[in-house]
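This one's a predicted model, so the numbers in the text were calculated from it and none came from an experiment. For this chain, numbers begin at 1 and follow the sequence in order.
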Amino acid sequence: MPHAPSLWRGPAPLLLASTSPTRRGLLESAALAVETRAPGVDERAVEAASAGLSPLALAERLASAKAGAVAAQAPDRVVIGADQVLDLDGTVFHKPADRAGAAAHLARLQGRTHALHSAVALAVDGTVAESFVVTARLTMRPLGEAGIAAYLDAAGPAVTGSVGAYQLEGVGIHLFDRIEGDHSTILGLPLLPLLARLRGRGLLAV
Ligand SMILES: Nc1nc2c(ncn2[C@@H]2O[C@H](COP(=O)(O)OP(=O)(O)OP(=O)(O)O)[C@@H](O)[C@H]2O)c(=O)[nH]1
């Protein structure tokens, strides 16, 4: 299918400091010209140095670290970095390493409401100019061991690609009773406030 004409008005494509195909897809679906570069940030080291930070503040610090790392190498580009933290009553979850890790996540998340804090940092002229966080709240059904196993069979290896072991736009939708928050925030890149900020900088045609 031919690409929609780009709505990006920057002199060069938006530089996304992320390895997330989901984030890249969200921007491309919004007809932005995007280039990606791995942020090369040791997230666990940043987290270790951020003891005492709330999960929300940790997400913002990680997003800023990623945007800042890439922007320092590309001072002439508009750069965005992002990070998503799953917060279950203050406990931070990371992407599960394997099926067993995903099963352990779901056993703890089931029957409860968790928050997804999705942070974005925007860098221009080589440094982070602004950042923000949007939170979504998701209430997971009580699944039981058999329910978790059936879900993991259906979801497959993709479960290690997201912090909560689910892709909401896929079979992950079966896990939930209630969702409060914007779809793109749950996928990891809150588009409405991001587009508003880019528009405010004269970088969008609409
Ligand atoms: N497709 C999909 N991806 C999701 C969903 N929820 C969370 N994610 C992804 O889970 C990942 C969250 O981990 P992060 O550490 O923020 O990002 P990452 O994937 O490691 O990529 P970097 O930006 O390079 O750090 C992101 O790639 C999100 O896009 C979802 O419902 N669907």
* Could you state the interatomic distance from CD (E47) to CG (D42), rounded to the nearest 0.5 Å? -> 10.0 Å
* Structure fact -> Shortest non-hydrogen pair, L109 vs G164, comes out as CD1-O, 4.2 Å
* Hey, any chance V34 and L195 share a hydrophobic cluster, counting ILVMFWY side chains that come within less than 4.5 Å of each other, even indirectly? -> yes
* Asked: So, the side chain of R23 versus the backbone of G188: is there a donor-acceptor pair under 3.5 Å, distance only?
  -> yes
* **Heavy-atom pair with the smallest gap, counting every atom of L122 and R197** => CD2-CB, 4.5 Å
* Asked: Side chain of S50, backbone of L53: donor and acceptor closer than 3.5 Å?
  -> no
* Asked: Can any side-chain N or O of R201 pair as donor or acceptor with the backbone N or O of A196 at less than 3.5 Å?
  -> no
* Asked: Does F93 reach the side chain of H114, with side-chain heavy atoms less than 4.5 Å apart?
  -> no
* Atom pair CG (L15) and CD1 (I80), whose distance is rounded to the nearest 0.5 Å -> 9.0 Å
* Asked: Which pair of heavy atoms, one from S18 and one from S20, lies closest together, and at what distance?
  -> OG-N, 3.0 Å
* **Intermediate values then yes/no, side-chain contact (heavy atoms from CB on, under 4.5 Å), L198 and W8** => CA-CA 9 Å; L198 294 173; W8 176 250; 4.1 Å; yes
* **V171 with L187, same ILVMFWY side-chain cluster at under 4.5 Å** => yes
* Show your working on side-chain contact (heavy atoms from CB on, under 4.5 Å) between T19 and T36 and close with a plain yes or no. => CA-CA 7 Å; T19 58; T36 56; over 6 Å; no
* Asked: Are any of the side-chain nitrogens in D83 or R61 under 4.0 Å away from the carboxylate oxygens of its partner?
  -> no
* Does D153 come within less than 4.0 Å of R99, counting only side-chain N to carboxylate O? -> yes
* Asked: How long is the gap from CZ on R24 to CD on E35, to the nearest 0.5 Å?
  -> 8.0 Å
* **Approximate separation, where rounding is to 0.5 Å, of T139 OG1 and I179 CD1** => 9.0 Å
* For P96 and V163, work out which heavy atoms get closest and say how close. => CD-O, 4.0 Å
* What are the two closest non-hydrogen atoms of A69 and P39, and how far apart are they? -> CB-O, 3.6 Å
* Are R44 and H94 linked by a side-chain donor-acceptor pair shorter than 3.5 Å? -> yes
* Structure fact -> Correct closest heavy-atom pair for P190 and S118 would be CG-O, 3.6 Å
* To do: Using modelled atom types only, decide if a donor and an acceptor are shared between the side chain of Q110 and the backbone of G144 within a distance under 3.5 Å.
  => yes
* **Check: V41 and V46 side chains under 4.5 Å, non-hydrogen atoms** => yes
* Cluster overlap V134 with L189, hydrophobic side-chain contacts below 4.5 Å -> yes
* Asked: Is the backbone N or O of A82 less than 3.5 Å from a side-chain atom of K66, with the two atoms forming a donor-acceptor pair by type?
  -> yes
* Structure fact -> Rounded to the nearest 0.5 angstrom, the CG-CE distance for L88 and M140 is 9.5 Å
* To do: Using atom types as modelled and distance alone, determine if a side-chain donor or acceptor of R77 lies under 3.5 Å from a backbone N or O of P13.
  => yes
* Qualifying residue, where the test is side chain to side chain contact (heavy atoms under 4.5 Å, CB included) with P55 and the options are V92, V133, T135, D89 -> V92
* Asked: With L16, which of L27, V70, V79 fulfils side chain to side chain contact (heavy atoms under 4.5 Å, CB included)?
  -> L27
* Asked: Should E43 and K95 count as an ion pair when the cut-off is N to O under 4.0 Å?
  -> no
* What distance do L168 atom CG and S184 atom OG have between them, rounded to the nearest 0.5 Å? -> 11.5 Å
* Does a donor on one side chain sit under 3.5 Å from an acceptor on the other, for T113 and R137? -> no
* If the plane angle is over 60° it's perpendicular, under 30° parallel, otherwise tilted; pick one for Y166 and F176. => perpendicular
* Is it true that L192 and L7 fall in one hydrophobic cluster, defined by side-chain heavy atoms closer than 4.5 Å? -> no
* Do you reckon V120 sits in the same ILVMFWY cluster as L56, going by side-chain contacts under 4.5 Å, direct or chained? -> no
* To do: Ignoring hydrogens and angles, tell me if any N or O in the side chain of Q84 forms a donor-acceptor pair with the backbone of T185 under 3.5 Å.
  => yes
* Less than 4.5 Å apart, any side-chain heavy atom of T22 and any of Q167? -> no
* **Pair H117-D87, side-chain hydrogen bond (donor to acceptor under 3.5 Å, both in side chains): steps then yes or no** => CA-CA 7 Å; H117 303 299; D87 166 2; 2.9 Å; yes
